[in-house]
Enquirer: 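The structure follows.
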Amino acid sequence: MAGSTKKIFKKGDLLIREGEQGDRAYVLESGSVEILIQRDGALIQIGTRGAGSIIGEMAMIDDRPRTATVRALEDCQVMEISRDDFSHRVDSADPILKMVMRVIMTRYRDMISRSQFVQIPTLSTTAAESTENNDELHKLAVSTIKIHHELKTALERNELVLYYQPIIDLQNMKIAGFEALMRWKHPERGMISPGVFIPVAEESGLIVDLSRWALDVSCDAVKSIRQAANPKLLSTAYPLSVSVNFSVKDFASGNFFNQVQSTLRDKGTDPSYIHLEITESLLMEAPGPAKEALEKCRQLGVSVSIDDFGTGYSSLSYLHFFPIDNLKIDQSFIRSMSKQPSSYMLVKSIIGLAHNMNMKVIAEGIETEEEASTIKGLGCEECQGFWFARPMPLEDALKFVQNWVPTKIA
Ligand code: C2E
Ligand code: CA
Ligand code: CA
């Protein structure tokens, strides 16, 4: 399975045949190819492509016959992208955009069938592709396609891991829990940050599998973390928990609650040991399904945190609408708090607002003792940040729990 998407074409092999139905594209990883069209019974070369190019991409958008033949000029390694891998992107695109894309494709194909090769600028590597913007777009498209493709098998290959960042209770300086943050240990590219692959996973729908996996692993992790802890720690008002990040796509299937419930049951995890985190802007994308699922989760005993609070949706009315236990103040506010009095006032107001609505506040991105001390002074309940610890592998988190000595903040 893992290797099935890479293919080798020998020099002279045809990757694509003009006139055949196309259902796949290729990303050329090494080698080069020539693009040929039939004119008056002869094959004429109209361009060449080198490593990094996408070939046969039109078949990703429509399923009409190929407009050219592509032949390997030397041995080539390609990554194959099937139409199925791509179709959800087209299906989920804005309807107008989809229509415009199809119109452009039809015109482009018509132009190719009517013209002689010298009049086909987009098939050569000059013209449209030569501008910097197009180069950038092209690189971005290739890298997104590659990430999506590799991410599909990353789970099976055990390349994904969760790191855990402690969340500290500011009142007693005990560990309230950990946030589970995903990392991708890529065999060639090293550690890839979630900022790179989570958006691709969200766009493609793969996030649902990733989230399910993260919840599963977090249930095991919270068990080990609680076992590692000093029993006195566990007697606090807050259970030592693990917070798992979810995306709005997770709610789209309508099966979210059942998934959470059955995972917790199968793992024998007390629902109060797991917290869900979801960003406010994502919530606003699908308020109805999200509200229903979150309400059920809360009834089960799983608490819900709004992540990156203050960065997304500007209206506060949604705070009434959704069942929310905690607000996580985004680190951008914490960063500017000590420099700008207005940011300080904003943080103060957010904490007041949350408390008035019976929510707890968790401050993110605490990098200095001063920041910890300031938000503690404002009544913020919990915080996390590099000043306490960076996200770490589970074995380090277990040592962290064993060795943690609650210390006072100045
Ligand atoms: P987030 O949920 O807001 O996670 C907090 C991010 O802030 C983490 O970045 C963490 O490493 C970083 N951070 C924590 N303390 C500090 C600090 O003191 N200073 C600074 N500068 N940064 C700090 P990370 O791990 O790179 O994750 C980035 C984002 O990726 C997360 O933001 C979250 O939105 C997303 N993400 C991570 N794991 C998952 C996951 O399992 N599922 C989903 N859906 N999203 C995830
Ligand atoms: Ca989070
Ligand atoms: Ca956050």
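First listed ligand is number 1; within each ligand, the first listed atom is number 1. Values in this document were obtained by computation on a predicted structure and should not be read as measured data.
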Enquirer: Side chains of Gln331 and Glu364: is there a donor and an acceptor less than 3.5 Å apart?
Expert: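 There is no such pair between these side chains.
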
Enquirer: Any luck finding a side-chain donor-acceptor pair between Lys328 and Gln384 under 3.5 Å?
Expert: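 Yes.
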
Enquirer: Between Val361 and Ile329, is the side-chain contact (heavy atoms from CB on, under 4.5 Å) condition met? List the steps.
Expert: CA-CA 7 Å; Val361 183; Ile329 302 184; 3.6 Å; yes

Enquirer: Please determine whether a side-chain nitrogen of the Lys or Arg among Arg189 and Glu150 lies less than 4.0 Å from a carboxylate oxygen of the Asp or Glu.
Expert: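 Yes, this pair counts.
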
Enquirer: Which is it for Phe9 and Tyr26 under the ring pair (Phe, Tyr, Trp, His ring centres under 6.0 Å) test, yes or no, and what are the steps along the way?
Expert: CA-CA 11 Å; Phe9 285 97; Tyr26 301 104; 5.6 Å; yes

Enquirer: Hey, are His275 and Ser303 close enough side-chain-wise for a donor-acceptor pair under 3.5 Å?
Expert: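 Result is yes, a qualifying pair exists.
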
Enquirer: Determine which of the N, O or S atoms in Glu179 is closest to the Ca ion (ligand 2) and give its atom name.
Expert: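 Per the distance ranking, Glu179 contributes OE2 as its closest N/O/S atom to the Ca ion (ligand 2).
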
Enquirer: Write out each pair where an N or O from ligand 1 and one from the protein are under 3.5 Å apart, with the distance.
Expert:
unit_1, atom_1, unit_2, atom_2, d
ligand 1, 2 (O), Glu179, OE2, 3.1
ligand 1, 2 (O), Asn245, OD1, 3.2
ligand 1, 2 (O), Asp307, OD2, 2.9
ligand 1, 3 (O), Asp308, OD1, 3.2
ligand 1, 3 (O), Glu364, OE2, 3.4
ligand 1, 7 (O), Gln331, NE2, 3.2
ligand 1, 15 (N), Gln165, NE2, 3.0
ligand 1, 18 (O), Phe386, N, 2.7
ligand 1, 19 (N), Glu367, OE2, 2.5
ligand 1, 21 (N), Gln331, OE1, 3.1
ligand 1, 21 (N), Glu367, OE2, 3.1
ligand 1, 22 (N), Gln331, OE1, 3.4
ligand 1, 22 (N), Gln331, NE2, 3.2
ligand 1, 25 (O), Arg183, NH1, 2.8
ligand 1, 25 (O), Arg183, NH2, 2.9
ligand 1, 38 (N), Met182, N, 3.0
ligand 1, 42 (N), Asn245, O, 3.4

Enquirer: Could you tell me whether any N, O or S atom belonging to Ser243 is less than 3.0 Å from the Ca ion (ligand 2)?
Expert: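 So Ser243 does not count as coordinating the Ca ion (ligand 2).
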
Enquirer: Any salt bridge between Lys249 and Glu203, counting N to O under 4.0 Å?
Expert: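 A salt bridge is absent here (no side-chain N lies under 4.0 Å from a carboxylate O).
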
Enquirer: Does the ring of Phe321 carry Lys291 above it, NZ/CZ under 6.0 angstrom from centre and within 45° of its axis?
Expert: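 Relative to the ring axis of Phe321, which defines the angle, Lys291 lies inside both limits.
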
Enquirer: I want to verify a count. Protein N, O or S atoms less than 3.0 Å away from the Ca ion (ligand 3), how many are there?
Expert: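 With waters ignored, the protein N/O/S count below 3.0 Å is 4.
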
Enquirer: Quick one: do Glu34 and Arg49 make a salt bridge, cutoff under 4.0 Å?
Expert: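 No, this pair does not count.
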
Enquirer: Contact between Leu36 and Val70 at the side-chain level, heavy atoms closer than 4.5 Å - yes or no?
Expert: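 Counting from C-beta outward, Leu36 and Val70 never come under 4.5 Å.
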
